[in-house]
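Start at 1 and go down the list; that is how both ligands and their atoms are numbered.
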Amino acid sequence: MTFLFQASLPQVRARLVEVFSSIQGEGVLVGHRQIFVRTYGCNLRCTYCDSPETLKESGAPRFCRVEQVPGTGQFLPVPNPVDADTLTGLLQQYLSEPHHSVSVTGGEPLLQARFLAAWLPAVRAMGLRTFLETNGLLPEHLQRVIDWIDVVSMDFKAPSAIGMDLESVRERHRRFLEIARTTSVYVKMVVTPGTTDMEVDAAIDLIASVDAAIPLILQPVTPFGHERIPVPPARLIALQARANRQLKEVRVIPQTHKVMHLL
Ligand code: SF4
């Protein structure tokens with residue numbers, strides 16, 4: 001791996017929760033090795049959220065935890081907020097092994113779009129691809145960083161899981177997907193026992209109206225937090241069949257990193 005060392009980045013800083021190297025457990029890149037940068041803060045409060053440390057009302061943690069050896073759970077504390085040069089340096093410790101990409105996840109990473117717009121070019125300069133995991137509801141923020149994103153994993157949020165009305169969710173998601181499609185994008189929808197046919201149809205119709213070839217990943221909820229009950233198998237099969245009538249690529253993929261006890 002060759003590095004292109006750059007001059008210092010502008011002194012933008014981000015509030016982070018953790019940095020680590022692991023195996024992607026969700027979506028179309030499942031199984032790929034990635035470096036994960038988890039940002040603090042989210043504009044939503046989903047019933048199934050499995051990253052509660054990003055939502056603490058008391059504010060960002062004083063320290064971002066940085067795993068020293070992948071998979072060991074041994075962390076070094078780095079004071080928050082973290083500046084762009086420091087974060088670039090933290091990533092380099094993992095690069096003795098090949099990685100598919102850097103996953104910027106959260107929380108909602110686009111809440112820190114200004115930082116990402118300044119920092120992501122340094123990731124590309126290290127020879128790494130960039131992968132954005134987002135709730136798909138901040139199109140104006142996406143516009144600021146889209147030139148630096150190789151793959152967008154965009155959630156379609158079921159209104160029943162986030163307490164918003166379907167019309168406003170649909171319109172924001174539509175604007176987001178129109179921007180995201182200028183790079184590689186797929187849509188992921190977490191399915192809970194409470195997800196309705198109307199909500200799934202809204203996701204299907206949205207994708208079909210933009211480009212039916214955009215993959216849809218139906219992700220059965222991992223029982224956690226407020227969501228204790230799994231989705232029945234027959235329901236998953238029926239929803240996939242429903243989506244397959246309009247879309248070209250529909251897959252059902254659970255959170256595999258939970259099975260392997262990976263971060
Ligand atoms: S968008 Fe993601 S991080 Fe934010 S509350 Fe929902 S599941 Fe949690």
Provide, to 0.1 Å, the distance between atom 2 (Fe) of ligand 1 and the closest protein heavy atom, together with that atom's residue and name.
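Nearest neighbour among protein heavy atoms for atom 2 (Fe) of ligand 1, to 0.1 Å: Lys157 NZ, 4.2 Å.
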Distance only, no hydrogens: is a donor on one side chain within 3.5 Å (strictly under) of an acceptor on the other, for [X] and [Y]?
| X | Y | value |
| --- | --- | --- |
| Ser168 | Asp165 | yes |
| Gln24 | Gln34 | yes |
| Glu26 | Thr256 | no |

If you measure from the Lys or Arg side-chain nitrogens to the Asp or Glu carboxylate oxygens, is any gap between Arg174 and Glu171 under 4.0 Å?
yes
Can you list the protein N, O or S atoms less than 2.8 Å from atom 4 (Fe) of ligand 1?
Cys42 SG
If the condition is side-chain contact (heavy atoms from CB on, under 4.5 Å), which residues does Ala213 pass it with, not counting sequence neighbours?
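Ala213: side-chain contact (heavy atoms from CB on, under 4.5 Å) contacts with Asp211, Lys248.
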Beyond-backbone contact of Thr105 with Thr39, side-chain heavy atoms, under 4.5 angstrom:
no
